[in-house]
Amino acid sequence: MSTRDEFFIRKTIELAMKSRECGNEPFGAILVKDDKIVMSGENKINTFCDPTHHAEIGLIRKFCVENNIFDLKDYTLYTSCEPCVMCSGAMVWANLGKLVYSVSHDQLAEIAGSNIMISCEEVFEKSPNKPKIVERLLNDEGLKVFKGYKF
C-alpha cells in the first residue's frame with residue numbers, strides 16, 4: 001500500500017458519494033496510468049436506465065472507445081468496492097494490470113443482501129489475465145458511503 005494508492009482510493013469514495021447523491025448506487029472508480037487519473041466513472045444505472053452501467057464497466061467502455069485501445073496492462077483501476085462478476089470480466093477482457101478496492105464483496109453482501117456471490121479473485125483465478133489486487137484499502141472510509149443507504 002502506498003500513499004498514492006490511498007489518494008486515489010479516496011477519490012473513488014468521493015465519486016461513490018456523488019453517485020449516491022445523484023440517485024444512483026454508491027460506487028465510484030478511476031483509471032490511473034503513470035500516477036495520473038486518465039478517466040473517472042460513477043455508477044449510473046438509474047441515470048441511464050441501464051443495469052450494466054456500473055462505475056467500473058462504464059469507465060472501461062468509455063476510456064477504451066475514446067482512446068481506441070483495449071489493452072490496459074499498464075493501468076490501475078481503483079474502485080470504492082470490489083467489482084462484481086460482470087465488471088471483473090470486463091477487467092479480464094481489457095487486460096487490466098492492477099485493481100485496488102476499498103469495500104469487499106462480502107462486506108457489501110452484508111449491507112445489501114446477497115447477489116451473485118462470486119468474488120473478483122475467483123473470476124481472475126479462472127481467467128487468462130490475472131490483475132494484481134490490493135484489497136480493502138481505507139476500508140472504514142469506504143464503508144461510510146453505505147451508512148443509511150437502502151438498496
Side-chain angles (χ1 to χ4, degrees), residues 8-33 36-131 133-139 141-151:
F8 292 129
I9 208 72
R10 277 193 178 95
K11 293 288 185 192
T12 70
I13 293 167
E14 291 170 13
L15 287 168
M17 187 55 79
K18 181 180 171 193
S19 179
R20 177 179 173 170
E21 291 166 357
C22 290
N24 292 294
E25 291 187 352
F27 304 100
I30 59 171
L31 190 63
V32 172
K33 182 176 183 191
K36 293 183 184 143
I37 298 172
V38 297
M39 181 75 60
S40 63
E42 300 168 33
N43 179 289
K44 294 200 179 206
I45 63 170
N46 293 325
T47 299
F48 296 153
C49 199
D50 176 358
T52 69
H53 204 288
H54 294 191
E56 303 92 342
I57 204 165
L59 177 154
I60 290 169
R61 281 182 192 143
K62 185 175 182 189
F63 183 79
C64 289
V65 166
E66 288 181 2
N67 293 280
N68 197 33
I69 64 169
F70 55 86
D71 185 352
L72 302 180
K73 71 177 177 281
D74 296 326
Y75 295 80
T76 299
L77 195 146
Y78 293 84
T79 183
S80 59
C81 191
E82 181 177 358
C84 71
V85 66
M86 174 184 69
C87 292
S88 298
M91 291 173 197
V92 168
W93 295 121
N95 197 32
L96 182 68
K98 181 179 173 186
L99 167 68
V100 181
Y101 67 84
S102 180
V103 176
S104 76
H105 188 266
D106 291 339
Q107 290 173 306
L108 181 62
E110 287 179 28
I111 295 165
S114 19
N115 205 321
I116 300 173
M117 301 302 289
I118 301 171
S119 70
C120 67
E121 288 177 338
E122 290 178 81
V123 174
F124 298 157
E125 180 180 297
K126 296 178 181 184
S127 301
N129 177 37
K130 296 169 181 28
I133 303 172
V134 176
E135 306 171 283
R136 295 187 182 204
L137 186 60
L138 300 180
N139 190 247
E141 289 181 41
L143 287 168
K144 288 178 185 175
V145 174
F146 296 102
K147 187 171 180 135
Y149 187 78
K150 303 288 183 217
F151 282 88

Using side chain to side chain contact (heavy atoms under 4.5 Å, CB included), reason through I111 and L143 one step at a time and then give a plain yes or no. CA-CA 9 Å; I111 295 165; L143 287 168; 3.9 Å; yes
How long is the span from the CG atom in N139 to the OG atom in S104, to the nearest 0.5 Å? 6.5 Å
Going by heavy atoms in the side chains, are T52 and R61 under 4.5 Å from each other? yes
Which atom names give the shortest non-hydrogen contact between N24 and I45, and what distance separates them? OD1-N, 3.5 Å
Student check: side-chain heavy atoms of F124 and S88 closer than 4.5 Å: yes
Are Y149 and E25 close enough that some pair of their side-chain heavy atoms sits under 4.5 Å apart? yes
Within 6.0 Å of NZ in K130, more than 12 heavy atoms from elsewhere: yes
Nearest heavy-atom pair of I60 and A94: which atoms, and what distance? CG2-CB, 4.1 Å
Please tell me if the side chains of V134 and K98 come closer than 4.5 Å, counting only heavy atoms from C-beta onward. yes
Would F63 and I69 count as a side chain to side chain contact (heavy atoms under 4.5 Å, CB included) if you check the C-alpha gap in whole Å, the side-chain angles of each, and the deciding distance to 0.1 Å? CA-CA 8 Å; F63 183 79; I69 64 169; 3.5 Å; yes
Parallel, tilted or perpendicular: which one describes the rings of F8 and Y78, with boundaries at 30° and 60°? tilted
Just so I know, are the side chains of Y101 and E135 near enough to count as touching, which here means a heavy-atom distance under 4.5 Å? yes
For S40 and L15 the tightest heavy-atom approach is CB-CD1, 3.8 Å
Nearest heavy-atom pair of N95 and D71: which atoms, and what distance? ND2-OD1, 2.8 Å
Quick check for you: to the nearest 0.5 Å, what is the distance between R20 atom CZ and M17 atom CE? 5.5 Å
Do any N or O atoms from the side chain of N43 and from the backbone of A55 form a donor-acceptor pair under 3.5 angstrom? no
Supply the atom-to-atom distance I9 CD1 to R136 CZ, rounded to the nearest 0.5 angstrom. 13.5 Å
In sequence, state the C-alpha distance, the side-chain angles, and the governing distance for C84 and I57, and then conclude on side chain to side chain contact (heavy atoms under 4.5 Å, CB included). CA-CA 10 Å; C84 71; I57 204 165; over 6 Å; no
Output yes when a side-chain donor or acceptor of T79 lies under 3.5 Å from a complementary backbone atom of E82, and no otherwise. no
Where is the tightest heavy-atom contact between L99 and C120, given as atom of each residue plus distance? CD2-SG, 3.8 Å
L137 to S102 - nearest heavy-atom pair and separation: O-OG, 3.0 Å
Tell me if the CZ atom of F70 is crowded by more than 12 foreign heavy atoms within 6.0 Å. no
Would you compute the distance between atom CG of L108 and atom NE2 of H105 and round it to the nearest 0.5 angstrom? 6.5 Å
Hey, is the main chain of Q107 close enough, under 3.5 Å, to the side chain of E110 for a donor-acceptor pair? no
What's the spacing between C64 SG and Y75 OH if we round to 0.5 Å? 8.5 Å
Is the shortest heavy-atom distance from the side chain of L77 to the side chain of L31 under 4.5 Å? yes
If you round to the nearest 0.5 Å, how far is CG of L59 from CE of M91? 8.5 Å
